[in-house]
Amino acid sequence: MQLQAAQGGAVGGFNAQNQLRLILRILYANGLTEQVIVNARSFDESQKIKDDQSNQQLISLVLELLSETSFRLQVIQ
């Protein structure tokens, strides 16, 4: 499960995601471990992410999602 949040401010829903992650653990849901916070300062004037650290974190998140999806598909088959 991937959690996403959008909110004004510097941390973009970070606290809400952490609270939801705790609830989902109680329900035995599997959530991704990667967490990325990208705020308005991370974007340039053409709305592309200019921050290399954010880009790397997003790549890591996508790779974890692909890995988890691949694992789940193997378990089903």
Side-chain angles (χ1 to χ4, degrees):
M1 177 177 300
Q2 179 184 8
L3 302 175
Q4 297 180 1
Q7 172 182 326
V11 293
F14 178 77
N15 291 327
Q17 281 186 321
N18 283 336
Q19 294 300 315
L20 182 56
R21 190 178 304 274
L22 290 172
I23 293 167
L24 291 171
R25 282 187 190 137
I26 292 168
L27 298 173
Y28 299 103
N30 292 320
L32 296 179
T33 57
E34 291 291 327
Q35 186 165 317
V36 180
I37 298 172
V38 180
N39 60 37
R41 293 177 295 210
S42 299
F43 294 91
D44 64 14
E45 54 280 339
S46 62
Q47 300 304 311
K48 293 184 181 178
I49 296 177
K50 63 181 179 179
D51 178 15
D52 288 336
Q53 182 179 2
S54 293
N55 277 326
Q56 291 298 352
Q57 288 176 332
L58 287 169
I59 289 168
S60 180
L61 175 72
V62 171
L63 290 175
E64 184 182 3
L65 179 60
L66 291 173
S67 175
E68 186 67 24
T69 302
S70 174
F71 174 75
R72 299 281 175 208
L73 289 174
Q74 290 174 10
V75 169
I76 291 172
Q77 296 176 355

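Hydrogens, waters and symmetry mates are skipped; everything else that's a heavy atom, side chains included, is used.
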Remaining members of the apolar cluster that contains [X], side-chain heavy atoms under 4.5 Å:
X     : result
Val62 : Leu66
Leu27 : Ile23
Ile59 : Leu63

ask   = Got a sec, which residues hit side chain to side chain contact (heavy atoms under 4.5 Å, CB included) with Leu22, two or more places apart in sequence or on another chain?
value =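 Partners of Leu22 under the side chain to side chain contact (heavy atoms under 4.5 Å, CB included) test: Gln19, Arg25.
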
message = Donor-acceptor pair, distance only, cut-off 3.5 Å: does the side chain of Thr69 make one with the backbone of Leu65?
response =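 At least one qualifying donor-acceptor pair exists.
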
ask   = Between Glu68 and Leu32, which heavy-atom pair has the shortest distance, and what is it?
value =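 Minimum heavy-atom separation between Glu68 and Leu32: CB-CD2, 4.1 Å.
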
message = What's the separation between atom CZ in Phe43 and atom NZ in Lys48, rounded to the nearest 0.5 Å?
response =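 If we round to the nearest 0.5 Å, Phe43:CZ and Lys48:NZ are 12.5 Å apart.
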
query = Sequence neighbours excluded, which residues qualify as side chain to side chain donor-acceptor pair (under 3.5 Å) partners of Asp52?
reply =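 None.
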
Partners meeting side chain to side chain donor-acceptor pair (under 3.5 Å) with Asp51 (sequence neighbours left out) =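 Here the qualifying residues are Ser54.
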
